[in-house]
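For reference, positions follow the sequence shown, starting with 1.
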Amino acid sequence: MRQIVLDTETTGLNPRSGDRIIEVGCVEIVNRRLTGNNFHTYINPERDSEEGALAVHGLTTEFLSDKPKFAEIADELRDYVRDAEVIIHNAPFDLGFLDAEFARLGFPRFATHVAAVTDTLVQAKEMHPGKRNSLDALCDRYGISNAHRALHGALLDAELLAEVYLAMTRGQNSLTIDLTVESNTSGGEQLIESISVSEMVIVRASEDEVAEHEALLDRLDKEAKGSCVWRLESAPAAN
């Protein structure tokens with residue numbers, strides 16, 4: 001399974017009023033492993049960023065002035081995400097901007113180029129109802145360090161979201177010790193330990209250990225005047 005975790009930075013909040021994409025960052029996951037085959041580009045939006053947006057991403061008009069325009073990277077982006085499941089936090093925001101950019105070029109909507117779009121914000125709200133589910137909050141909840149995130153960046157945020165997504169969707173691919181402790185600083189919960197099944201080492205009993213185990217069960221049978229519970233549990237069902 002090929003999945004792409006995607007994030008964008010923009011000049012503002014509303015593509016309908018002319019705000020544009022200024023950065024796209026994508027992280028590839030194949031079979032739940034980060035491949036390192038990422039996609040990242042800055043984009044010249046041909047307009048200034050709004051003051052509030054600039055404070056978030058720090059990408060100035062001067063810095064972006066010599067970067068490619070969206071039309072110059074659109075085909076490469078479409079080829080990169082084609083037929084993959086695309087994972088986005090608060091997907092309607094990014095899709096609104098991507099669809100607006102694609103419309104300017106006469107392309108179909110972004111979702112038509114990919115297999116599916118998964119919104120991790122929706123997932124997080126279902127898993128953690130009533131709690132904060134921003135990317136920063138999820139990093140804290142799953143023990144993922146974002147200390148290096150002074151400003152928002154599309155590739156950095158996509159990398160963090162990829163780790164959050166893998167942590168959120170472990171399911172039967174991992175065993176998690178279901179213990180939590182109260183945090184003295186945040187009042188939240190902190191995960192004690194998680195172990196990936198693929199990393200577990202299976203140590204099988206030796207013949208001597210099996211013989212000792214059987215001898216112990218024999219003694220328990222004698223004391224119970226019948227078959228002990230362990231033998232009852234392992235006995236094959238009668239036809």
Side-chain angles (χ1 to χ4, degrees), residues 1-15 18-47 49 53 56-59 63-124 135 138-139 144 146 148-149 151-169 173:
M1 179 188 297
R2 183 170 184 261
Q3 298 170 301
I4 302 297
V5 183
L6 180 148
D7 188 60
T8 65
E9 296 297 335
T10 63
T11 62
L13 299 177
N14 190 355
D19 283 317
R20 305 288 299 275
I21 293 176
I22 59 174
E23 184 184 7
V24 178
C26 300
V27 173
E28 183 183 62
I29 301 174
V30 176
N31 296 327
R32 295 188 59 81
R33 294 185 180 274
L34 301 173
T35 68
N37 176 31
N38 299 337
F39 176 91
H40 177 239
T41 185
Y42 295 107
I43 297 165
N44 179 0
E46 303 179 273
R47 60 162 292 169
S49 290
V56 170
H57 54 64
L59 301 175
F63 173 79
L64 297 169
S65 62
D66 62 348
K67 303 302 184 286
K69 297 178 176 64
F70 191 90
E72 299 173 60
I73 62 92
D75 286 335
E76 185 181 1
L77 175 60
R78 287 197 301 168
D79 290 342
Y80 180 81
V81 301
R82 194 180 305 279
D83 298 329
E85 177 190 3
V86 177
I87 298 163
I88 307 173
H89 199 68
N90 191 18
F93 178 86
D94 299 86
L95 290 178
F97 276 92
L98 288 164
D99 286 346
E101 296 287 359
F102 278 22
R104 288 187 180 94
L105 301 174
F107 294 160
R109 295 164 68 93
F110 179 85
T112 65
H113 302 277
V114 304
V117 175
T118 296
D119 190 339
T120 49
L121 180 58
V122 173
Q123 285 185 323
L135 181 56
L138 291 173
C139 285
I144 296 166
N146 61 350
H148 52 304
R149 189 183 185 233
L151 293 171
H152 286 239
L155 183 58
L156 172 59
D157 286 1
E159 290 170 340
L160 290 173
L161 182 58
E163 294 188 59
V164 165
Y165 173 79
L166 292 173
M168 286 174 59
T169 58
N173 292 317

*Is the side chain of Glu23 donor-acceptor paired with the backbone N or O of Glu9 at a distance under 3.5 Å, no angle test?*
no
_Any side-chain to backbone donor/acceptor pair from Asp83 onto Val114? Under 3.5 Å, distance only._
no
*Just by distance, do the side chain of Asn37 and the backbone of Glu28 share a donor-acceptor pair under 3.5 Å?*
no
_Would the distance check show the side chain of Asp19 and the main-chain N or O of Asn14 forming a donor-acceptor pair, the cut-off being under 3.5 Å?_
yes
*Asp119 side chain to His89 main-chain N or O, any donor-acceptor pair under 3.5 Å?*
no
*Donor-acceptor pair, side chain of Glu72 and main chain of Lys69, under 3.5 angstrom*: yes
*Is there a donor-acceptor contact under 3.5 Å from the side chain of Asp99 to the main chain of Phe110?*
yes
*asked:* Would the distance check show the side chain of Asp157 and the main-chain N or O of His152 forming a donor-acceptor pair, the cut-off being under 3.5 Å?
replied: no
_Any donor-acceptor N/O pair, Glu101 side chain to Ile21 backbone, under 3.5 Å_ = yes
*Check the pair Thr118 / Glu85 against side-chain hydrogen bond (donor to acceptor under 3.5 Å, both in side chains), numbers first and verdict last.*
CA-CA 7 Å; Thr118 296; Glu85 177 190 3; 2.5 Å; yes
*Exercise: identify the closest heavy-atom pair between Asn38 and Val27*: OD1-CA, 3.3 Å
*May I ask you to check if Arg78 and Phe107 form a cation-pi contact, with NZ or CZ under 6.0 angstrom from the six-membered ring centre and within 45° of the axis?*
yes
